[in-house]
J.: 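I have a structure I would like to understand better, so I am pasting it below and will then ask my questions one at a time.
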Amino acid sequence: MRIATWNINGINARLPAVLTWLDETKPDIVGLQEIKCLDENFPRAEFESRGYNVETHGQKSFNGVALLSKIPFDEVHRGLPSNDEDPQSRLIEGVFSTEDGGVVRVCNIYLPNGNPVDTEKFPYKLGWMDRLYDFVEQRLAYEEPFILMGDFNLIPTGFDCHDPSVWWGDALFRPESLEKWRRIVNLGLTDALRATTSEQAFTFWDFQAGAWRRNAGIRIDHLMLSPQAADRLTGVTIHKDTRGWDKPSDHVPVEGDFTLAGRPAKAA
DNA sequence: ATGTCAATAAAGTATTGA
């Protein structure tokens, strides 16, 4: 089963690229971040015609997340629990039945950026991470294949960026951010990319300052796995080529492959 | 601070967020 995450930076601007990539890659489940539209404005028919079930948690202009799945949704959850007052749409989770009678739970997040750090945006990020910690702790207690994926806006280590000195002090690399990141990871999540390679890899190249041309990237898009999901991981692919396409997102898709028994989109 | 881009309000261009 192919499960992928991609911050598309606006579905209106990115629809052709997303459809091209979907047709090439044929993932089973996809989490999109920064759809930047209301639920009613998401072009769901374009995905439904390709065999995807579509669930969104949208927001006008900013943020917004979506899940596409060839497997029907058994459950959908929107927003962090006990965070109902959060006006920002940053989490959507789906639960799916697999052909072998099992289950896979996929949570798609757009973790707050947190910059500039001297504004309310930084404490908002840290508070969101505190609530994410409680959520992950609860989800791991289910002891089922669980994939927490998305744009985490977190650079795990200095090796995950081209030049750590450039990112020093940034909300994506601040000690306070990384301490909370490690606290969540240490609950028992496996970083899928790091489980499969020790090579340096990036998932984001800024639009500014020729970052793509200089390969001045960072790794902030992650698939984080429960033990039961990590057991089934067979590979990770970063779809770097999409960054060189026309009208690219500043992020590229990250795909995880799992020995989970998918269910066909249509009856045989 | 940015060799940039997307969305919005509003009618060409500034603002916001990243």
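For clarity, every value in this text was computed on a predicted model and none was experimentally measured. Naming: A, B, ... by sequence-line order, numbering from 1 per chain.
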J.: In terms of side-chain heavy atoms of A:Phe207, which of B:dT4, B:dA7, B:dA18 is nearest?
T.: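 Among the listed nucleotides, the one closest to the side chain of A:Phe207 is B:dT4.
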J.: To the nearest Å, how far apart are A:Gln59 CD and B:dA6 P?
T.: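 Atom-to-atom, A:Gln59 to B:dA6, this comes out as 19 Å.
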J.: Quick check: closest heavy atoms across A:Val104 and A:Thr98, and the distance to 0.1 Å?
T.: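 Smallest heavy-atom distance, with atoms named: CG1-CG2, 4.2 Å.
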J.: Rounding to an integer number of angstrom, what distance separates B:dT15 and B:dA10 when you compare their P atoms?
T.: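 It comes out at 14 Å once rounded to the nearest Å.
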J.: Without hydrogens or angle criteria, can the side chains of A:Thr234 and A:Asp257 be said to hold a donor-acceptor pair below 3.5 Å?
T.: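 No, because no side-chain N or O of A:Thr234 sits under 3.5 Å from a partner of the opposite role on A:Asp257.
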J.: By the 4.0 Å heavy-atom rule, please label A:Asn12 as base, sugar-phosphate, or nothing.
T.: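 Since only primed, P, OP1 and OP2 atoms lie under 4.0 Å of A:Asn12, the category is sugar-phosphate.
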J.: Can you check the distance between B:dG3 and B:dA7, where both ends of the measurement are the C1' atom (answer in whole Å)?
T.: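 These two C1' atoms come out 22 Å apart once rounded.
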J.: Would you kindly give the CG-to-C1' distance between A:Asp250 and B:dA18, to the nearest whole Å?
T.: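 It works out to 7 Å between those atoms.
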J.: Taking the nucleotide of DNA chain B with the closest heavy atom to each, which residue, A:Gly210 or A:Gln88, is nearer the 5' end?
T.: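 Counting from the 5' end, the first nearest nucleotide belongs to A:Gly210.
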J.: Work out how far the P atom of B:dT13 is from that of B:dA1, and round it to whole angstrom.
T.: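 26 Å, rounded to whole Å.
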J.: Look at the side-chain N and O atoms of A:Lys36 and state whether any lies under 4.0 Å from the OP1 or OP2 oxygen of B:dT8.
T.: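 For B:dT8, OP1/OP2 do not have a side-chain N/O of A:Lys36 under 4.0 Å.
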J.: Ignoring backbone atoms, test whether A:Lys60 places a side-chain nitrogen or oxygen under 4.0 Å from the OP1 or OP2 oxygen of B:dA9.
T.: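 It does, given that an N or O in the side chain of A:Lys60 lies less than 4.0 Å from OP1 or OP2 of B:dA9.
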J.: Given atom CG of A:Asn115 and atom C1' of B:dA1, what is their separation to the nearest angstrom?
T.: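 One finds 14 Å between C1' of B:dA1 and CG of A:Asn115, rounded.
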J.: Roughly, in whole Å, what's the span from CZ in A:Arg214 to P in B:dG3?
T.: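 In whole Å, B:dG3 P lies 11 Å from A:Arg214 CZ.
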J.: May I ask you to evaluate whether A:Arg213 reaches the phosphate of B:dG3, defined as a side-chain N or O under 4.0 Å from OP1 or OP2?
T.: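 False: A:Arg213 side-chain N/O out of range (4.0 Å or more) of B:dG3 OP1/OP2.
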J.: Please report the distance, rounded to the nearest Å, between CZ in A:Arg14 and P in B:dT4.
T.: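 It works out to 16 Å between those atoms.
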J.: Between A:Arg214 and A:Asp163, does any NZ, NE, NH1 or NH2 come within less than 4.0 Å of an OD or OE carboxylate oxygen?
T.: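 No.
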J.: Give the ring-plane orientation class for A:Trp181 versus A:His222, where under 30° counts as parallel, over 60° as perpendicular and anything between as tilted.
T.: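 Answer is tilted, since the angle falls between 30° and 60°.
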J.: Can you check the A:Asn153 CG to B:dG17 P distance for me, whole Å?
T.: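 One finds 15 Å between P of B:dG17 and CG of A:Asn153, rounded.
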J.: Could you give the CG-to-P distance, from A:Asp206 to B:dA18, as a whole number of Å?
T.: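 For the pair A:Asp206 CG and B:dA18 P, the rounded distance is 13 Å.
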J.: Could you check whether A:Tyr110 gets within reach of a base, just the sugar-phosphate, or nothing at all, counting any heavy atom under 4.0 Å?
T.: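 Answer is sugar-phosphate: A:Tyr110 comes under 4.0 Å of backbone atoms only.
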J.: Counting side-chain heavy atoms from CB outward, which of B:dT4, B:dA6, B:dG17 is closest to A:Phe62?
T.: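 Nearest to the side chain of A:Phe62 among the choices is B:dG17.
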J.: Angle between ring planes, A:Trp21 versus A:His239, binned at 30° and 60°: parallel, tilted or perpendicular?
T.: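 If you compare the ring of A:Trp21 with that of A:His239, the planes turn out perpendicular.
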J.: Can you tell me the distance, in whole Å, between the CD1 atom of A:Ile220 and the P atom of B:dA18?
T.: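 Between P of B:dA18 and CD1 of A:Ile220: 12 Å.
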